[in-house]
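Letters A, B, ... are given to chains in the order of the sequence lines, protein chains preceding strands, and every chain is numbered from 1.
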Amino acid sequence: MSAIEASRKMTFRDAVREGIRSALQNDSRVFLMGEDVGHYGGCFAVSRGLLAEFGKERIRDTPLAESTFVGAGIGAALGGMRPIVEIMTCNFSLLALDQIMNTAATLLHMSGGQFNVPLVIRLATGGGKQLAAQHSHSLEGWYAHIPGIKVVTPATLEDGYGMLATALADPDPVLIFENQTLYIMEGELPANAGPADICSAQVRCEGKDASILTYGASLHKSLEAAANLAEQGISVEVVDLRVLRPLDDATILRSVTKTHRTLIVDEGWRSGGISAEIAARIQEQAFYELDRPVARLCAAEVPIPYAKHLEQAALPQVETIIAAVQNLVYSHG
Amino acid sequence: MSLLMPDHDLARRLLWQMVRIRRFEEKCIEMYSTQKIRGFMHLYIGEEAVATGIIEQMRLEDAIVATYREHGQALARGVSAGLIMAEMFGKQEGCARGRGGSMHLFDAKTRFYGGNAIVGGGLPLAVGLALADKMQNRQAVTVCFFGEGAVAEGEFHESLNLSALWQLPVLFVCENNLYAMGTALRFTESKMDIASKGDAYGVTNAVVDGMDVLAVREAAQNALETARRGQPFLLECRTYRFRAHSMFDAELYRTKEEVVQWKKRDPITLFFDSMKTISILTEADLIAVEAEITKEVDESVAFAEVGTWEPVDDLTRFVYSEGKES
């Protein structure tokens with residue numbers, strides 16, 4: 001029986017839930033806490049049913065007190081538990097930024113190696129659902145600036161399911177950014193799906209004329225763009241970064257060296273963003289492999305607006321990705 | 001003064017601990033003036049009765065979360081003077097390899113979780129440690145020290161609420177020394193009775209004279225009993241720091257007269273005089289205690305002096321764990 005035949009059809013949301021269920025079943029130290037994770041079933045219905053299955057000790061609704069329940073997650077991790085802290089969306093994580101940056105990320109180094117923090121924080125991220133500026137930030141690149149934490153961005157069912165187990169086994173804080181437009185994405189989760197690594201980028205589509213380096217929701221837009229470009233005779237390689245800290249330089253450079261033309265697609269802002277970091281690394285390590293300057297397609301530098309046409313214009317889209325690749329391949333500047 | 005009179009051994013131990021913290025910090029000032037110690041350094045002088053009285057009542061399995069003014073807590077908890085001095089010298093033999101300095105003392109062996117230099121930042125951590133103890137059926141209490149300045153932070157309120165909501169074994173110890181850095185409590189709190197803020201969250205609370213080590217000890221005993229039953233407790237210790245906020249503070253915000261008035265209630269003098277009056281302690285005890293401490297403090301400096309600098313090659317060690325599975 002092939003893996004496909006044994007796979008289960010489900011949404012990304014279901015895959016994340018199955019990952020949490022599996023972690024709760026496999027390790028009594030694991031518990032989930034956050035706003036609305038219990039009785040409501042999770043703001044995005046990720047944890048629906050888990051309260052009934054695992055009880056209120058392990059599925060903990062918290063007050064709307066991000067700084068304190070994240071800090072409590074750090075403390076619980078120090079005390080031997082393996083908490084999964086859900087921050088409803090990364091927009092609200094700013095209320096807990098002190099705990100994440102000043103405590104979770106610093107404690108091991110500042111204590112001279114004595115206190116590691118095996119904490120997992122899950123956060124919904126991204127725009128695209130007309131939720132306006134305060135609910136549409138893409139902060140994963142921003143968090144990737146911080147030494148001491150790891151930042152991962154699952155974009156497939158396997159990663160939505162499997163990155164959690166690896167994050168929980170990691171001795172240090174891991175932030176999992178789940179793009180909120182992906183929850184309804186349907187796909188197949190292989191029955192033998194297991195832990196997914198949180199250290200490598202992966203080539204999702206082979207190509208030879210240009211590379212798109214991307215992650216999260218933009219992965220799927222990029223794959224669609226690549227399919228369209230293939231019909232025009234342009235062969236595009238799409239690399240799913242998967243992990244924004246630490247970046248997998250080797251996979252990035254391998255693709256860049258293969259195609260010599262690179263576009264980075266990032267839903268974060270361009271200035272000082274993760275795309276800037278990746279572009280810098282490429283020019284530092286593969287400058288003479290480049291046939292064109294590294295191109296970037298990022299979110300417009302505006303607070304993401306409510307009106308649909310404006311929001312869509314603010315974010316990378318299939319059409320703009322296609323145009324950016326065409327420019328990269330055909331331009332002679 | 002508490003009605004519960006200590007025997008000679010206990011009285012001597014309490015005196016020893018308070019004098020020890022005092023003399024250690026006086027040596028720190030000396031070391032700071034010779035630039036052996038740099039950075040921010042916040043002294044506990046005047047507040048020794050609080051850490052002494054509370055930590056004396058703690059058990060080995062209990063945990064401590066403290067602030068950047070934590071030399072006293074670390075010493076009283078059993079982190080050696082040498083490890084602390086070496087840390088402040090920035091030596092790798094220090095209790096945090098010289099990475100934390102004065103504000104970030106850590107010691108896994110005594111469950112001493114720092115040394116947090118963000119006001120209010122330690123309270124959520126204490127809630128989580130207590131949650132972990134509770135979920136794993138361990139009979140430990142987490143004692144969280146913080147200043148009255150932290151009461152203005154959201155984390156104070158959030159942490160009291162969550163600890164009461166989840167019935168967690170946390171003892172919140174507010175060291176109310178009346179000044180958040182240089183701003184008096186009356187300029188920052190609409191309601192200055194800090195202990196009673198616990199009422200809003202269903203957290204049992206009490207106020208104690210933080211200059212009276214026996215009163216603090218007795219209050220800690222009661223508070224820890226409550227916490228061991230799985231209920232948080234807020235203990236406000238009214239105290240005063242005799243020295244400036246840090247080594248950079250010109251003390252423009254309080255009068256010399258006020259400091260002089262508080263020094264009349266020096267916790268060490270207050271305790272020793274009262275014990276001497278009733279013949280539980282003698283001058284000879286004090287002389288012996290001072291001699292022991294002089295030796296220990298001198299040895300701590302010697303230990304720090306011969307300590308070594310962590311190789312620069314190690315700079316990036318411990319940003320992430322080394323080969324550990326969680």
Side-chain angles (χ1 to χ4, degrees), chain A residues 27-29 31 33 56-58 60-83 85 95-96 98-99 101-120 146-150 167-173 246, chain B residues 63 65 87 92 94-101 104-109 111 113-118 120-136 138 140 142 153-159 161-163 165-166 168 310 316-326:
Chain A
D27 188 343
S28 62
R29 300 173 302 173
F31 68 100
M33 68 171 159
K56 62 181 169 51
E57 282 292 301
R58 300 185 73 197
R60 289 180 173 263
D61 280 321
T62 63
L64 279 69
E66 288 81 2
S67 184
T68 287
F69 70 72
V70 169
I74 296 167
L78 288 169
M81 299 300 288
R82 291 297 174 268
V85 175
L95 292 158
D98 168 57
Q99 290 295 332
M101 191 160 176
N102 275 322
T103 303
T106 62
L107 211 56
L108 180 68
H109 195 265
M110 197 163 69
S111 69
Q114 291 180 84
F115 293 118
N116 63 299
V117 182
L119 169 71
V120 173
I146 307 170
I149 60 176
K150 295 178 181 173
L168 283 165
D170 196 281
D172 301 312
Chain B
V65 175
E87 182 61 31
Q92 63 179 335
C95 60
R97 298 177 72 90
R99 274 116 178 269
H104 304 295
L105 306 175
F106 291 91
D107 185 49
K109 283 193 288 296
R111 298 199 76 201
Y113 290 96
N116 195 315
I118 304 298
L123 284 94
L125 210 65
V127 170
L129 283 160
L131 175 63
D133 284 331
K134 180 178 178 172
M135 290 182 82
Q136 292 166 104
R138 291 191 298 244
T142 299
E153 297 281 3
E155 280 93 342
F156 169 81
H157 303 271
E158 296 178 4
S159 294
N161 177 48
L162 197 57
S163 64
L165 186 70
W166 288 353
L168 300 176
E310 184 171 18
T316 56
R317 283 188 71 191
F318 307 122
V319 175
Y320 297 99
S321 297
E322 297 174 351
K324 261 199 248 180
E325 274 285 307
S326 80

Please report the shortest heavy-atom distance between [X] and [Y], naming the atom on each side.
X: B:Ser321; Y: A:Asn116; result: OG-CB, 3.4 Å
X: B:Leu129; Y: A:Gly79; result: CD2-N, 3.9 Å
X: A:Ala76; Y: B:Ala132; result: O-CB, 3.6 Å
X: B:Asn161; Y: A:Pro63; result: ND2-CG, 3.7 Å
X: B:Trp166; Y: A:Thr62; result: CH2-CG2, 3.9 Å
X: A:Gly80; Y: B:Gln136; result: O-OE1, 3.8 Å

Options [options], ranked by heavy-atom pairs under 4.5 Å with chain A, top entry:
options: B:Arg99, B:Arg317, B:Gln92; result: B:Arg99
options: B:Leu131, B:Asp133, B:Leu123, B:Asp107; result: B:Asp107
options: B:Leu165, B:Val127, B:Ile118, B:Leu105; result: B:Ile118

Next item on the list: Only one of B:Phe318, B:Phe106, B:Tyr113 passes side chain to side chain contact (heavy atoms under 4.5 Å, CB included) with A:Leu107; say which it is.
Entry: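 Passing option: B:Phe106.
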Checklist line | Heavy-atom proximity to chain A below 4.5 Å, by part of B:Arg138 | finding: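 Only the side chain of B:Arg138 comes within 4.5 Å of chain A.
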Please classify the contact between [X] and chain B as side chain, backbone, both or neither, with a heavy-atom cut-off of under 4.5 Å.
X: A:Glu57; result: both
X: A:Ile149; result: backbone
X: A:Ile146; result: backbone

Next item on the list: Sort out for me which residue in B:Glu155, B:Glu158, B:Glu153 forms a side chain to side chain donor-acceptor pair (under 3.5 Å) with A:Ser67.
Entry: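 The single option meeting the side chain to side chain donor-acceptor pair (under 3.5 Å) with A:Ser67 is B:Glu155.
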Distance, nearest 0.5 Å, that separates [atom1] of [X] from [atom2] of [Y]:
X: B:His104; Y: A:Ser111; atom1: NE2; atom2: OG; answer: 11.0 Å
X: B:Met135; Y: A:Arg58; atom1: CE; atom2: CZ; answer: 7.0 Å
X: A:Met81; Y: B:Lys134; atom1: CE; atom2: NZ; answer: 12.0 Å

Next item on the list: Just give me the residue among A:Ala72, A:Pro83, A:Pro173 that pairs up with chain B most often, heavy atom to heavy atom, under 4.5 Å.
Entry: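 Of the options given, most contacts go to A:Ala72.
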Notebook entry, point to check: Based on non-hydrogen pairs under 4.5 Å, which of A:Gly73, A:Ala105, A:Ala77, A:Ala65 is most in contact with chain B?
Noted result: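 Top count of heavy-atom pairs under 4.5 Å with chain B: A:Ala65.
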Next item on the list: Quick one: list whatever passes ring-ring contact (aromatic ring centres under 6.0 Å, His included) with A:Phe69, sequence neighbours left out.
Entry: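 So A:Phe69 forms no ring-ring contact (aromatic ring centres under 6.0 Å, His included) with any residue.
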Next item on the list: Would you check if the side chain of B:Glu322 reaches a backbone N or O of A:Gly113 as a donor-acceptor pair within less than 3.5 Å?
Entry: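 Absent.
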Item checked: With A:Glu66 via side chain to side chain donor-acceptor pair (under 3.5 Å) - residues at least two apart ->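 Listed in chain order: nothing, the list is empty.
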